[in-house]
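Take a look at the structure below.
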Protein chains: 2
Amino acid sequence: MSFFDPLKKALRKEGLRYTQQRQAVWDELRATDDHRDAEEIYLALRNSGFKVSRATVYRTIDVLVKNNLVRKLKLGDGHARFEHKVDSAHHDHLICAQCGKIEEFVDDVIETRQNKIVEELGSKLIRHIHQLFVICKECQTA
Amino acid sequence: MSFFDPLKKALRKEGLRYTQQRQAVWDELRATDDHRDAEEIYLALRNSGFKVSRATVYRTIDVLVKNNLVRKLKLGDGHARFEHKVDSAHHDHLICAQCGKIEEFVDDVIETRQNKIVEELGSKLIRHIHQLFVICKECQTA
DNA sequence: TATTTTATTGAGATTGAGTCTCAGAAAATA
DNA sequence: TATTTTCTGAGACTCAATCTCAATAAAATA
């Protein structure tokens with residue numbers, strides 16, 4: 001709500017208005033550290049009694065992603081998932097193919113090699129996707 | 001066409017029949033080393049005079065992917081791309097975000113670190129996706 | 001080979017995530 | 001308050017991919 005509120009800052013930058021709906025979507029995204037899809041965010045808001053449309057949820061998330069407040073994850077199951085980036089450094093994901101659990105990982109060696117590969121080709125790295133699909137410890141013993 | 005023909009082998013394994021359509025889709029996939037989507041494969045077949053439906057193209061590709069003859073790539077643009085795996089070792093992809101050009105890379109150090117990360121969590125690696133989105137050399141100077 | 005059985009095919013319907021439209025609502029501005 | 005501009009929501013629409021089911025082709029059998 002402060003002057004440094006990242007939502008308001010992003011909206012100002014984009015020349016967009018501050019609205020109840022946009023605040024609500026942003027609040028809902030920060031409510032958990034899960035990786036939820038747009039429908040889950042939409043339903044969470046509806047179930048909490050807040051009236052909002054799917055269109056607005058999608059539109060708001062787009063703005064948040066564009067302004068680096070939210071990360072969009074495509075894990076190949078046909079619907080994008082989102083995680084807020086508050087207090088969250090860069091990381092990649094490790095997904096259990098059986099139970100769907102998502103863990104995060106970072107590896108400096110990998111990051112360095114990645115940069116080297118790109119550099120040697122004379123290219124400029126924009127972003128990367130690194131996803132490890134596994135059977136997690138629990139699913140193996142179960 | 002031989003006894004070791006990988007298509008026939010895969011079909012046998014799956015308990016499926018050998019048909020002209022399945023042969024044609026497999027032939028078309030091997031015709032280039034590009035990363036084409038289902039529609040491009042479909043159109044290439046139609047343009048060469050072969051009558052086949054989209055449904056059959058999709059269904060056949062599924063069998064080929066399942067049997068490790070074709071690799072399915074999701075690059076985030078909403079339609080999967082495919083590449084045959086004949087004489088092709090494991091590799092990951094580097095995609096120019098501007099011109100769409102796709103290059104391949106492998107890095108043993110990255111592969112090793114990947115395995116280590118998974119191992120330390122007690123998980124078992126099934127598959128991975130590693131995509132580097134870049135601006136390629138040509139697009140930078142252009 | 002002819003016949004029967006079973007799987008495959010194709011045209012088009014359907015699905016589902018995501019986007020678009022546009023009239024009414026809400027916010028900014030005068 | 002009046003006027004202008006942006007935002008919202010309901011539902012239509014898009015598009016890749018999947019499904020349906022009658023017709024067809026392949027395999028099995030006689």
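Every heavy atom of this structure was used, including side-chain atoms; hydrogens, water molecules and symmetry mates were not.
- Candidate nucleotides dT9(C), dG18(C), dC7(D) were compared by shortest atom distance to the side chain of A38(A), and dG18(C) ranks first.
- The neighbour count for K124(A) NZ, taken as heavy atoms of other residues, nucleotides or ligands under 6.0 Å away, does not exceed 12.
- Distances from the side chain of R17(A) to the nucleotides dG10(C), dC7(D), dA10(D) place dC7(D) closest.
- Nearest nucleotide to the H79(A) side chain, out of dA11(C), dG9(D), dG18(C): dG18(C).
- Along DNA chain D, the nucleotide nearest to S53(A) and the one nearest to D37(B) differ in position, and the one closer to the 5' end is contacted by S53(A).
- Here the nucleotide nearest the side chain of Y18(B), chosen from dA27(D), dG18(C), dT8(D), is dA27(D).
- Remark: the backbone N or O of K51(B) is not paired with any side-chain donor or acceptor of R46(B) at under 3.5 angstrom.
- Rounded to whole Å, atom P of dT19(C) lies 11 Å from atom CZ of R59(A).
- Between T56(B) and the phosphate of dG10(C), there is a side-chain N or O to OP1/OP2 separation shorter than 4.0 Å.
- Closest contact between the side chain of Q21(A) and the listed nucleotides dA17(D), dA26(D), dT8(D) involves dT8(D).
- What separates CD of E40(B) from C1' of dA17(D) is a distance of 16 Å, to the nearest Å.
- The nearest whole Å value for the distance from the CG atom in L43(A) to the P atom in dA17(C) is 11 Å.
- When only modelled atom types and interatomic distance are considered, D33(A) and H84(A) share a side-chain donor-acceptor pair under 3.5 Å.
- Checking dA11(C), dT19(C), dG9(D) against every side-chain atom of K51(B), the shortest atom distance belongs to dA11(C).
- At dG18(C), one or more side-chain N or O atoms of Y58(A) fall inside 4.0 Å of OP1 or OP2 (strictly under the cut-off).
- Regarding contacts with the backbone of dA27(C), every side-chain N or O of T19(A) stays at 4.0 angstrom or more from both OP1 and OP2.
- The separation between Y42(B) atom OH and dC15(D) atom P is 16 Å, rounded to whole Å.
- Of the inter-residue distances, the one linking R54(B) atom CZ with L45(B) atom CG reads 12.0 Å to the nearest 0.5 angstrom.
- K8(B) forms a cation-pi arrangement with Y18(B), by the criterion of a distance under 6.0 Å to the ring centre and an angle within 45° of the ring axis.
- If you measure from atom CZ of R22(A) to atom P of dT6(D), you get 11 Å, rounded to the nearest angstrom.
- Rounded to whole Å, atom P of dT8(D) lies 9 Å from atom CG of L16(A).
- The nucleotide whose nearest atom lies closest to any side-chain atom of R46(A) is, among dT19(C), dA10(D), dA17(D), dA10(D).
- One atom, CG of L45(A), and another, P of dT8(D), lie 13 Å apart when rounded to the nearest Å.
- The interatomic distance linking E39(B) (CD) with dC15(D) (P) rounds to 11 Å, in whole Å.
- Of the candidate nucleotides dT8(C), dG10(C), dG18(C), dG10(C) has the atom lying nearest to any side-chain atom of A55(B).
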